[in-house]
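One structure is given below, encoded as structure tokens.
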Protein chains: 2
Amino acid sequence: MEIDACPPATAANPFHQIPAGLLDGFVRHDLARGCLFAAPGDVRNQVLIIESGRLRVYLAGESRELSLSFLEPGDIYTTHTPTYVEAVSATTLWLMDTRAFARKLASDPSVTPVMMRVLGRLLANAVNLIEDLAFREVPARLARFLTGMAERRGRPLDGGIWLVPLDLGTEDIASLLGSTRQTVSSLLNQWERDGILQRQGRRVLYIHSLDSLRRLGAEA
Amino acid sequence: MEIDACPPATAANPFHQIPAGLLDGFVRHDLARGCLFAAPGDVRNQVLIIESGRLRVYLAGESRELSLSFLEPGDIYTTHTPTYVEAVSATTLWLMDTRAFARKLASDPSVTPVMMRVLGRLLANAVNLIEDLAFREVPARLARFLTGMAERRGRPLDGGIWLVPLDLGTEDIASLLGSTRQTVSSLLNQWERDGILQRQGRRVLYIHSLDSLRRLGAEA
DNA sequence: AACTGTCCGTCGGCTGGCCGACAGTTTGTC
DNA sequence: GACAAACTGTCGGCCAGCCGACGGACAGTT
């Protein structure tokens, strides 16, 4: 699962690496934690750039939600797509109307490659998620999610053990995988019994055999 | 299902409505029927414009394939995403390297909106497909696919009946929906027995009750 | 300590729909 | 018009995993 739930920590805020000219015409805006910023069906289409905080992009069905990605400082997104966007923590971002942005693109071609890269990355993420949903079963998705977390966030300890901070509840993980709390719960406990991993409290995960997880993730 | 398996029918080949300047720098190329044109992991990224014929864009798992879209004359695509692209029938297309195309974009800003629209449409399709896979069951997906075809391609006849050209086999439809031939076949036949629709040969579909289909598509 | 809200583990039932199999039908080709 | 190749309809077996239910563990709060 290539969901970007947990990008690598960077010392500097990547927002400040954005070329100054790009922000011309954007308006600064603050969102409180928990604020729903956009929903499918909104008339206004906007381009947004995150300065600080964290946004969650997700789809909602009858009784389930599926998270597509988490936006972090420096990320650019557009509400063109019919998704919900919600502030997971207090967030500062810069906004511009899609129409106005299109005019900006026409007048300043240097913006184009940035935009292309943004769209390309969104598209690649979406395709990866489609592959997961269409071809992989829940155990494989969970295993891939965990190995991804370990690679991005984990710290290796002695004896091939990895310490992975994990500040998501069972339900949150399930929502990232397009599965349910119960299924994820029983898989995690099964693997704990198998000695593949170990949960420590609610925020920390020890992975004893990353290889086993990789094998599980490659299956099906 | 908003998959663009079937863009709006136009009397003339839509390829010839493409502004002449857009093709500058592209190279004409012919593909035989069945030819695999691109696969994930290819180093070359290309932009392609279809002149005639038909291409299928798809993902492949262990033993199943999922079609993302069928490309028809006038369509533009880019192999940026890790997908397979295959000629379903003999196809003539115009190619350009992504790098070169980026330079073209920079020098001729009028191309940008076209490209943005292409990427935006791909992204919207992908998100819709994710929603379908995550939240909707096969009957709802099929119903939405059919109503989409009717809206885009269909012609209303007398008595609320719609004539919808449909040159896809059962298997093709199933692959667009992430389902199987058997399931789609039995659903279509069930609905035919219910009087909702009627298949005429392999290329034409009559929809007697678009409302029923809409209701089926809204379910789950 | 009792009360309450939130989260986790586990079980059994139920079902959507995948899969294999096979027969029947249409289409294309020589 | 005959033969192959490709497509379609249908059935039954089977299983991943959703869903509801319930009890236990851990906070807080009074």
Side-chain angles (χ1 to χ4, degrees), chain A residues 1 34 60-66 132-145 166-194 196-205 216-217 219-220, chain B residues 1 32-34 54 56 60-67 86 88-90 132-145 166-194 197-205 216-217 219-220:
Chain A
M1 175 78 65
E62 305 281 294
S63 58
R64 282 151 80 218
E65 290 181 358
L66 178 65
D132 266 6
L133 291 174
F135 300 132
R136 278 188 264 275
E137 316 201 317
V138 177
R141 285 184 241 167
L142 179 56
R144 290 164 68 84
F145 170 74
L166 184 67
D167 57 354
L168 296 168
T170 315
E171 184 113 45
D172 299 319
I173 298 174
S175 148
L176 278 166
L177 303 177
S179 178
T180 61
R181 187 185 65 77
Q182 294 95 318
T183 303
V184 171
S185 171
S186 42
L187 282 170
L188 286 175
N189 284 86
Q190 184 56 53
W191 292 345
E192 187 152 8
R193 265 174 247 125
D194 295 346
I196 295 175
L197 51 78
Q198 191 187 337
R199 296 181 97 181
Q200 175 90 340
R202 283 190 190 157
R203 320 221 91 117
V204 178
L205 180 74
L216 285 162
E219 265 175 26
Chain B
M1 169 88 51
R33 169 197 164 88
R54 180 135 72 148
R56 183 168 76 100
E62 305 282 293
S63 59
R64 281 152 80 219
E65 291 179 358
L66 178 66
S67 300
E86 171 198 73
V88 169
S89 59
D132 268 5
L133 291 174
F135 302 131
R136 277 189 266 275
E137 315 200 317
V138 177
R141 286 184 239 170
L142 178 57
R144 291 165 66 85
F145 170 75
L166 183 68
D167 55 355
L168 294 170
T170 314
E171 183 113 44
D172 297 321
I173 298 174
S175 150
L176 278 167
L177 302 177
S179 178
T180 60
R181 187 185 65 75
Q182 294 95 318
T183 303
V184 170
S185 171
S186 43
L187 281 170
L188 286 176
N189 283 87
Q190 184 56 52
W191 292 344
E192 187 151 9
R193 266 174 246 124
D194 295 346
L197 51 79
Q198 190 187 337
R199 297 182 97 180
Q200 175 93 339
R202 281 190 194 157
R203 319 221 93 117
V204 178
L205 179 74
L216 285 162
E219 265 176 28

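Lettering follows sequence order; numbering is per chain, from 1.
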Heavy-atom check, side chain of [X] versus side chain of [Y], under 4.5 Å:
| X | Y | answer |
| --- | --- | --- |
| A:Arg141 | A:Leu133 | yes |
| A:Leu187 | A:Pro139 | yes |
| A:Phe145 | A:Leu168 | yes |

If you fit an axis to the five pairs at each end of the helix from C:dA1-D:dT30 to C:dC30-D:dG1, how big is the angle between those two axes, to 10 degrees?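 Computed angle between terminal axes is 40°.
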Over all heavy atoms of both residues, which pair between A:Thr170 and A:Ser185 is shortest? Give the atoms and the distance, please.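 Reported closest heavy-atom pair: CG2-N, 3.8 Å.
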For the pair made of [atom1] in [X] and [atom2] in [N], what is the distance, rounded to whole Å?
| X | N | atom1 | atom2 | result |
| --- | --- | --- | --- | --- |
| A:Leu142 | D:dG17 | CG | P | 11 Å |
| B:Glu65 | C:dC19 | CD | P | 13 Å |
| A:Phe135 | C:dC18 | CZ | C1' | 14 Å |
| A:Leu168 | C:dC7 | CG | C1' | 14 Å |
| A:Arg181 | C:dG9 | CZ | P | 9 Å |
| A:Asp132 | D:dG17 | CG | P | 12 Å |
| B:Arg33 | C:dT27 | CZ | C1' | 12 Å |
| B:Glu137 | D:dG17 | CD | C1' | 13 Å |

Using a 4.0 Å cut-off on heavy atoms, which residues in residues 182-194 of chain A reach DNA chain D? List them by number, or say none.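 Within residues 182-194 of chain A, the residues near DNA chain D are A:Gln182, A:Thr183.
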Can you tell me if [X] uses its side chain to pair, donor with acceptor, with the backbone of [Y] under 3.5 Å?
| X | Y | answer |
| --- | --- | --- |
| B:Arg181 | B:Gly169 | no |
| A:Arg64 | B:Ala134 | yes |
| B:Ser175 | B:Glu171 | no |

Calculate, to the nearest 0.5 Å, the distance between atoms CG and CH2 belonging to A:Leu142 and A:Trp191 respectively.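 A:Leu142 CG to A:Trp191 CH2: 4.0 Å, rounded to 0.5 Å.
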So what does B:Arg64 hit on the nucleic acid, given a heavy-atom distance under 4.0 Å: a base, only sugar-phosphate, or nothing?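 It contacts sugar-phosphate atoms only.
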Under 4.0 Å from OP1 or OP2 of [N]: is there any side-chain N or O of [X] that close?
| X | N | value |
| --- | --- | --- |
| B:Arg199 | D:dG9 | yes |
| B:Thr170 | D:dC7 | no |
| B:Ser179 | C:dG17 | no |

Other residues, nucleotides, ligands: >12 heavy atoms within 6.0 Å of B:Glu65 CD: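 Buried by this count: over 12 neighbours within 6.0 Å.
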